[in-house]
Amino acid sequence: MPSHLSTQRAEDESHYLLVAKLDNARNVSTILKSIHFKETATVFASPLGLKVTVEDSKCVQANAFIQESIFHFYSIKADQLAFKINLTVLLECLTIFGSSVIPGVSTSLKMCYAGYGCPLILMLEEDGVLTDCSIKTLEPDEVLDFDFCSANVVNKIIMKSESLKEVFSDLDTTSEVLQVLMSPDQPFLQFSTFGNAGSTHSSFPKDSEMVESFMCSQTQTNRYKINLLKPSVKALTISTRISIRTDTRGFLSLQYMIKIEDGQICFVEFYCAPDEEPTEEIDS
């Protein structure tokens, strides 16, 4: 740990409700960039770590989970803290020394928050250069509760991300919706678009080497607005595995497992409401 941040006296931190430190700020910025599709985000801090939430149109929600173990020091004096912050500004501060990877050089980070109405303080150091940033925080908005509980999940498929990267990168942008079919019977998992050039379909059998777990209890076909799903491609691009779930209402959960530097794992989850009511049977 660079000297300036490691020698920070404990008494200087005593009035903060949250203090978090890590050796490489890139581990946080990488995860936050994957949910950066709106200017503001709500940060929830608990003893388990940080959850950063971004929402759009009351129809889609992204959550980035940065667990306590990612930090080499993490202290919180409350069961939960919450504040809204400008995510664009936060990312600019985290990458203030640049975003290019230089072998053997990393930006250390110390993050401090004193409570309601106080700014989020960032202290960054790279190669002996120290920078302090103070970011205004706002009262958090009430975030959507998608009520996506495991008891209501009817279909769940875990796949290697590389199999879906091509599907999502080649989506027909003239199609307003992406149709997702999940079924215990053929075609098992199918993604469809309906654009100017006609319909396209990409299917995956349940015994595909790309499918790691297949649990489908009923046939369900749901459509989701493509412009709401597009932001999730950022997380897909840097992930290694993806869990696709639907519940009884047709709500979609995309959970991405992302490996960061030092072999640590973080999760990013997207929830999306269906564009139409779910249909139980496939159109013949």
Side-chain angles (χ1 to χ4, degrees), residues 31-44 51-65 82-88 91 138-157 159 161 164-165 167-182 189-195 199-200 202 218-239 242-256 258 267-280 283:
I31 299 301
L32 294 184
K33 283 177 183 177
S34 72
I35 63 167
H36 183 211
F37 58 91
K38 282 292 179 180
E39 184 117 315
T40 60
T42 303
V43 179
F44 299 94
K51 181 177 82 167
V52 184
T53 300
V54 178
E55 295 181 336
D56 185 20
S57 304
K58 300 296 183 183
C59 294
V60 65
Q61 180 186 92
N63 296 293
F65 300 93
F83 55 87
K84 187 165 72 172
I85 197 165
N86 187 307
L87 183 57
T88 303
L91 283 169
L138 302 170
E139 185 169 355
D141 297 325
E142 187 173 346
V143 299
L144 291 172
D145 180 5
F146 276 80
D147 193 27
F148 202 101
C149 61
S150 56
N152 293 330
V153 171
V154 293
N155 296 315
K156 178 181 178 180
I157 299 174
M159 305 180 66
S161 295
L164 288 187
K165 289 175 185 177
V167 172
F168 275 75
S169 64
D170 293 339
L171 284 178
D172 185 347
T173 55
T174 65
S175 175
E176 291 187 358
V177 297
L178 173 68
Q179 179 175 284
V180 181
L181 181 151
M182 302 174 77
L189 175 64
Q190 185 178 74
F191 299 93
S192 304
T193 55
F194 311 92
S199 58
T200 62
S202 298
Q218 70 181 59
T219 297
Q220 205 179 44
T221 305
N222 301 289
R223 292 185 174 188
Y224 307 92
K225 288 190 181 296
I226 281 185
N227 64 340
L228 295 178
L229 288 177
K230 273 184 180 178
S232 71
V233 176
K234 289 183 181 180
L236 174 64
T237 302
I238 60 174
S239 68
I242 175 175
S243 169
I244 308 168
R245 298 182 297 161
T246 54
D247 68 5
T248 53
R249 304 163 300 166
F251 280 62
L252 177 69
S253 162
L254 300 172
Q255 188 180 71
Y256 300 98
I258 299 170
F267 291 92
V268 169
E269 187 164 42
F270 282 79
Y271 294 114
C272 188
D275 189 41
E276 300 174 0
E277 290 299 314
T279 56
E280 299 301 325
D283 295 334

Q: Could you state the interatomic distance from CZ (F168) to CD1 (I242), rounded to the nearest 0.5 Å?
A: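 With rounding to 0.5 Å, CZ (F168) is 6.0 Å from CD1 (I242).
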Q: Could you tell me the separation between the OG atom of S57 and the CG atom of L228, rounded to the nearest 0.5 Å?
A: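 Between S57 OG and L228 CG, I get 5.5 Å after rounding to 0.5 Å.
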Q: Hey, does the side chain of Q220 reach the backbone of V154 with a donor-acceptor pair shorter than 3.5 angstrom?
A: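 It does not hold such a pair.
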Q: Evaluate the criterion side-chain contact (heavy atoms from CB on, under 4.5 Å) for residue pair L189 and M159; output intermediate values, then yes/no.
A: CA-CA 11 Å; L189 175 64; M159 305 180 66; 3.4 Å; yes
Q: To the nearest 0.5 Å, how far apart are OH in Y256 and CG in L236?
A: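 Separation between the atoms: 5.0 Å.
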Q: Got a sec, which residues hit side-chain contact (heavy atoms from CB on, under 4.5 Å) with T173, two or more places apart in sequence or on another chain?
A: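 Expected list: K230.
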Q: Under the 3.5 angstrom rule, does the side chain of D247 hit a backbone N or O of F251 as a donor-acceptor pair?
A: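 At least one qualifying donor-acceptor pair exists.
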Q: S192 vs L181, test: side-chain contact (heavy atoms from CB on, under 4.5 Å). Steps then yes/no.
A: CA-CA 8 Å; S192 304; L181 181 151; over 6 Å; no
Q: Can you name the residues that form a ring pair (Phe, Tyr, Trp, His ring centres under 6.0 Å) with Y271, not counting sequence neighbours?
A: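 Here the qualifying residues are F146, F148.
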Q: Can you check whether V60 reaches P231 side chain to side chain, under 4.5 Å on heavy atoms?
A: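 No, every pair of side-chain atoms sits at 4.5 Å or beyond.
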Q: What is the distance from atom CD1 of I226 to atom CD of E176, rounded to the nearest 0.5 Å?
A: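 The CD atom of E176 is 9.0 Å from CD1 of I226, to the nearest 0.5 Å.
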Q: Exactly one of V54, T40, T42 should register a side-chain contact (heavy atoms from CB on, under 4.5 Å) with L87. Which one does?
A: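 Single pass found, and it is V54.
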Q: Without swapping roles, check the side chain of K165 against the backbone of T237 for a donor-acceptor pair under 3.5 Å.
A: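 The answer is yes, because a donor-acceptor pair under 3.5 Å joins these two groups.
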Q: Indicate yes or no: at least one non-hydrogen side-chain atom of I35 is less than 4.5 angstrom from one of K234.
A: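 No, their side chains stay 4.5 Å or more apart.
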Q: Tell me the closest heavy-atom pair linking S239 and S161, and the distance in Å.
A: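 So the minimum-distance heavy-atom pair works out to OG-OG, 2.7 Å.
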Q: Using the ring pair (Phe, Tyr, Trp, His ring centres under 6.0 Å) criterion, which residues pair with F270? Sequence neighbours excluded.
A: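 Listed in chain order: nothing, the list is empty.
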Q: Shortest non-hydrogen contact from T174 to D172?
A: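 Minimum heavy-atom contact is OG1-OD1, 2.6 Å.
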Q: Mind listing the closest non-hydrogen atom pair of K58 and E142 along with its distance?
A: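 Between these two residues, the closest heavy atoms are NZ-O, 4.4 Å.
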Q: Hey, does P140 have a side-chain heavy atom less than 4.5 Å from the side chain of F44?
A: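 Result no, sub-4.5 Å side-chain heavy-atom pair not found.
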Q: F191 versus V180: any side-chain heavy-atom pair under 4.5 Å?
A: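 Side chain of F191 against side chain of V180, heavy atoms only: contact under 4.5 Å found.
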Q: Taking atom types as modelled and ignoring hydrogens, do the side chains of T193 and T200 form a donor-acceptor contact shorter than 3.5 angstrom?
A: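 Short answer, yes.
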Q: I would like to know whether V52 and I31 meet side-chain contact (heavy atoms from CB on, under 4.5 Å); could you show each step before the answer?
A: CA-CA 10 Å; V52 184; I31 299 301; over 6 Å; no
Q: With rounding to the nearest 0.5 Å, note down the distance linking OG1 in T246 to CD1 in I157.
A: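 It is 8.0 Å, given to the nearest 0.5 Å.
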Q: Quick one: pull up CE in M182 and CD in Q218 and give me the separation to the nearest 0.5 Å.
A: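 One finds 11.0 Å between CE of M182 and CD of Q218.
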Q: Can you name the closest pair of heavy atoms from G250 and N222 and give their distance?
A: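 Heavy atoms only, the tightest pair is CA-OD1, 3.5 Å.
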Q: List the atom of E269, the atom of S253, and the distance in Å for their closest heavy-atom pair.
A: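 Smallest heavy-atom distance, with atoms named: OE2-OG, 2.8 Å.
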Q: Give the minimum heavy-atom separation between K38 and E55, together with the two atoms involved.
A: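 It is CG-O, 3.5 Å.
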